[in-house]
There are 2 protein chains.
Amino acid sequence: MPPRTKRRTSIADVAKLAEVSVGTVSNVLNRPDRVSPATRERVESAIAELSFVRNGSARQLRAGTITTAGAIVLDIANPFFTDVARGIEDRLDEAGYTLMLASSDEDPEREARYLRLFEEHGVQGVMVVPSGPEIEHLLTLRERGLRIVLLDRPSPDPSVSSVAVDDRAGAAAAARHLLDLGHEHLAFLNGPHTIRQCADRSAGLRDALSEAGLDVDEALEEITITALNADGGQAGTEQILAMDARPTATMCVNDLTALGALRTLRAAEVPVPSGMAVVGYDDVTFAGELATPLTSVRQPMHRLGHRAADLLLAESEAPEQVVFQPELVVRESTTGTG
Amino acid sequence: MPPRTKRRTSIADVAKLAEVSVGTVSNVLNRPDRVSPATRERVESAIAELSFVRNGSARQLRAGTITTAGAIVLDIANPFFTDVARGIEDRLDEAGYTLMLASSDEDPEREARYLRLFEEHGVQGVMVVPSGPEIEHLLTLRERGLRIVLLDRPSPDPSVSSVAVDDRAGAAAAARHLLDLGHEHLAFLNGPHTIRQCADRSAGLRDALSEAGLDVDEALEEITITALNADGGQAGTEQILAMDARPTATMCVNDLTALGALRTLRAAEVPVPSGMAVVGYDDVTFAGELATPLTSVRQPMHRLGHRAADLLLAESEAPEQVVFQPELVVRESTTGTG
DNA sequence: CGCGCGCGATGAATCGTTTCAACGTTACCA
DNA sequence: TGGTAACGTTGAAACGATTCATCGCGCGCG
């Protein structure tokens, strides 16, 4: 990329044209009330004539302050993070801030690189979905004055702010819904427990089963799938269908997985929900639009992002751990007549 | 938000600790080959010890160059733009650039505000999906040295680069597919022609019909829907079902609309495709996962973004108008046995 | 008439980096 | 041995804004 050739017009050019000092131009820009209406107008028309735009780097360098925040999510193409990002953007927008956004693809090195870039650019703070369990690197960032907010992850360190959704409660609510409908033998298509969300959702499910007085080992068939998408759902469902004592309901770690499950059940001519009830997680846009509308656990993604930005912008330095409660959305995949 | 209090450690601190001049530290940072291994190592360990991070504002101020680009899309929560953004990010990442991202919500004022913010931050250029037909404001930006790339919109001005998808060809391909299958009476659930994509897709459809020697007025029922989503699709489809001479195929302006159409057909017990073939547009992730997998026109969204970033980063100042060809993905909603 | 006050405007210092002309060493060759 | 080329390092200027001590001026008051 070639360097920008044209020199940007500076505050000095404006000052010369308006026949005032640079300090006065700066005052017009930042404290218009301190300058007399006559000169102010002269300066303003000079600004307009030169179509002057102030140089944010110089401004930031001297004033130290900046109106940019960074966010690092796992993958912006994932609808969950998309909605979170939109929530962040909306809140920052209210405050006149701009957002620098990046996807880490769960690669800690990529995450670190973006963090450094953001820090160099002088962001006020970063909202980050950590790629790994470690958050040491974030603590050192904070020591250098950046504000840190953990996204979609309760903070292991009470001094760091975080916003998350209670996955354990969400999974428990879904399980209770199935128990209420009379299901006593559940399958759970889940990812590996190294992923926090997967571990938490498993725990929530087990909570609900024990609460109901069931023997968890008997009542729950947890099947670990590697791909948390439709193909993973299909593979897992095929396993379930091959079982001798087939569960009567399947819970899925997310809606894409549920999509694969529904597809497989349809192919096997197992009616939903009478032959097998299905529950998803996330409540993505199309969940309600499927052939069999999907019961799912809705996460307040937009609010998650909004609140994260809120914490970042907060006057107070006091850390805060926000946990949202998810909401079960009941549809025909559990209560229908199919 | 309270100001950052701690003074960041500067290149001078590093220089003092390493007992060299600031110029040398700068050389270690930017042209390590020009400094002797001994001093380089001394400087590097001083950097590590102080955990020094260079101040991007000062760097940018002096060097004039910066590795940030901006992008403004209509709505980052829309899967189409999400994938485009991801393509942009991936390309920028290769070049070590960071992305500032914003959604304009089709509000020209919001767009203008973000453009100004980006310019103040000194971005090298912006990729923008214009909110309105006017691009005057972008031309003035370019005069001030920013690079401009239009997204998802062929440029009306040959001096401005752009990347777009050929909507007319995409719609024509879909129509030809339906004609090949023997359909001679089509419905088109489309948005208002003030939206460029809608107008282009309508034109493409008409192209294909005329080519096939059909009387367009007879063969095409274009129904204007206001909401380009599932509800709009439902309302439109109900209109179609109420027609005396019912078309045998329905083309939809996007996949969400098609989703609504499928839902309505199912409720009316019209088999797809034997009673009514359905085609969508965009080929979003779930299009292939529906009860009746949806034939759709795939847009190369990721490549769109990737290429846009490419143009922005290009050495050459020569403007380029890139038009991608969409690809028809045939599935059971047109060729199935249902 | 003189003094002090307050309002506006001034301009130099400052932020932290990059860049570059200049300088001191060392090495090499005539 | 003297001259020069190459190399590594230095130190100060420059980027463009903000900030603040200072100054000039007009006005009111004693």
Side-chain angles (χ1 to χ4, degrees), chain A residues 3-44 46-47 50-67 116-117 119-122 144-145, chain B residues 3-44 46-47 50-67 116-117 119-122 144-145:
Chain A
R4 290 249 295 249
T5 49
K6 283 181 204 97
R7 206 177 62 80
R8 287 165 68 160
T9 72
S10 80
I11 218 175
D13 301 325
V14 175
K16 199 188 303 172
L17 181 59
E19 296 177 315
V20 294
S21 74
V22 293
T24 302
V25 177
S26 178
N27 278 333
V28 171
L29 256 23
N30 301 305
R31 309 182 207 65
D33 48 307
R34 295 210 191 154
V35 28
S36 74
T39 47
R40 188 195 319 163
E41 198 190 328
R42 230 172 44 243
V43 171
E44 275 167 354
I47 287 177
L50 298 172
S51 69
F52 162 77
V53 175
R54 79 172 149 218
N55 182 325
S57 307
R59 171 190 181 73
Q60 181 186 157
L61 172 60
R62 175 60 234 237
T65 181
I66 185 189
T67 56
R116 194 173 44 71
L117 270 171
E119 187 181 7
E120 283 192 9
H121 281 46
R144 283 188 243 122
Chain B
R4 290 245 295 248
T5 48
K6 282 181 205 97
R7 205 178 63 81
R8 289 165 67 159
T9 73
S10 81
I11 220 175
D13 301 325
V14 175
K16 199 189 301 173
L17 181 58
E19 295 177 316
V20 295
S21 74
V22 292
T24 301
V25 177
S26 177
N27 278 334
V28 170
L29 256 24
N30 301 305
R31 309 182 208 67
D33 48 306
R34 293 205 194 159
V35 29
S36 73
T39 48
R40 190 197 316 164
E41 199 191 328
R42 231 176 40 246
V43 171
E44 275 167 355
I47 288 177
L50 299 173
S51 68
F52 162 76
V53 175
R54 79 173 147 219
N55 182 325
S57 308
R59 171 191 180 71
Q60 182 186 156
L61 172 59
R62 173 60 234 234
T65 182
I66 184 189
T67 56
R116 192 173 46 70
L117 269 172
E119 186 180 9
E120 283 193 10
H121 281 61
R144 283 187 243 126

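If you're wondering where the values come from, they're calculated on a predicted model, not measured in any experiment. Labels below follow one simple rule: chain letters A, B, ... track the order of the sequence lines, proteins then strands, and each chain is numbered from 1.
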> Quantify the bending of the helix from dC1(C)-dG30(D) to dA30(C)-dT1(D) as the angle between its end axes, each fitted on five pairs, to 10°.
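Comparing the axis at each end, I get an angle of 60°.
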
> In whole angstrom, what separates E120(B)'s CD from dC15(D)'s P?
20 Å

> If you check every side-chain atom of A58(A), which of dT18(C), dT19(D), dG16(D) has the closest atom?
dG16(D)

> Looking only at heavy atoms, what is the nearest atom pair of A12(A) and V22(A), with distance?
CA-CG1, 3.8 Å

> Does OP1 or OP2 of dT18(C) have a side-chain N or O of N30(B) closer than 4.0 Å?
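Yes, within the criterion.
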
> Please state how far atom CG in N55(B) lies from atom C1' in dA17(D), giving the value in whole angstrom units.
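Going from CG in N55(B) over to C1' in dA17(D) covers 13 Å.
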
> Using whole Å, report how far CG of L29(B) lies from C1' of dT9(D).
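Going from CG in L29(B) over to C1' in dT9(D) covers 16 Å.
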
> Could you tell me whether the phosphate oxygens of dG16(C), OP1 or OP2, come under 4.0 Å of any side-chain nitrogen or oxygen in S10(B)?
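For dG16(C), OP1/OP2 do not have a side-chain N/O of S10(B) under 4.0 Å.
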
> My understanding is that only residues two or more places apart in sequence, or in another chain, count here; which of them pass side chain to side chain contact (heavy atoms under 4.5 Å, CB included) with S36(A)?
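S36(A) satisfies side chain to side chain contact (heavy atoms under 4.5 Å, CB included) with A38(A), T39(A) once adjacent residues are dropped.
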
> What pairs with E44(A) under side chain to side chain contact (heavy atoms under 4.5 Å, CB included), at least two apart in sequence or on another chain?
V28(A), R40(A)

> What does the list of N/O pairs under 3.5 Å between the protein and nucleotides 4-11 of chain C look like, with a distance for each?
residue	atom	partner	partner atom	Å
dA9(C)	OP1	S36(A)	OG	2.8
dA9(C)	OP1	T39(A)	OG1	2.6
dA9(C)	OP2	S36(A)	N	3.1
dA9(C)	OP2	T39(A)	OG1	3.4
dT10(C)	OP2	S21(A)	N	2.8
dT10(C)	OP2	S21(A)	OG	3.2
dT10(C)	OP2	T24(A)	OG1	2.7

> In whole Å, I'd like the distance from the CG atom of L61(A) to the C1' atom of dA13(C).
13 Å

> To the nearest angstrom, how far is D13(B) atom CG from dC15(C) atom P?
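D13(B) atom CG is separated from dC15(C) atom P by 11 Å.
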
> Looking at every non-hydrogen atom in both residues, tell me the closest pair between G122(B) and Q60(B) and how far apart they are.
CA-OE1, 3.7 Å

> Just the rounded figure in Å: distance from C1' of dA17(D) to CZ of R54(A).
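Those two atoms, CZ and C1', are 9 Å apart.
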
> Look for any protein N or O under 3.5 Å of an N or O in nucleotides 23-28 of chain C and output each such pair with its distance, or none.
none

> Just how far is it from atom OG of S51(A) to atom CD of E119(B), taken to the nearest 0.5 Å?
8.0 Å

> Excluding sequence neighbours, so at least two apart, what forms side chain to side chain donor-acceptor pair (under 3.5 Å) with R42(B)?
none

> Under the rule for side chain to side chain donor-acceptor pair (under 3.5 Å), what residues qualify as partners of T67(B), not counting sequence neighbours?
none

> May I have the distance from R31(B) (atom CZ) to dT18(C) (atom P), rounded to whole angstrom?
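Taking CZ of R31(B) and P of dT18(C), I get 8 Å after rounding.
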
> Taking side chain to side chain contact (heavy atoms under 4.5 Å, CB included) as the definition, give me every residue that meets it alongside E41(B), ordered by chain and number, with sequence neighbours left out.
none

> Once rounded to the nearest 0.5 Å, what's the spacing between atom NZ of K16(A) and atom OG1 of T9(A)?
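So the NZ of K16(A) and the OG1 of T9(A) are separated by 11.5 Å.
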
> Who are the salt bridge (Lys or Arg N to Asp or Glu O under 4.0 Å) partners of R34(B), not counting sequence neighbours?
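Applying salt bridge (Lys or Arg N to Asp or Glu O under 4.0 Å) to R34(B) gives none.
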
> Got a sec, which residues hit side chain to side chain contact (heavy atoms under 4.5 Å, CB included) with I47(A), two or more places apart in sequence or on another chain?
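By the side chain to side chain contact (heavy atoms under 4.5 Å, CB included) rule, I47(A) matches V14(A), L29(A), V43(A), F52(A).
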
> To the nearest Å, give me how far apart CD1 (I11(B)) and C1' (dT19(C)) are.
12 Å

> Return the CZ to OG distance between R54(A) and S10(A), rounded to the nearest 0.5 Å.
13.5 Å

> Between the base of dT18(C) and the side chain of R62(B), is there a donor and acceptor pair under 3.5 angstrom?
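A donor-acceptor contact between them is present.
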
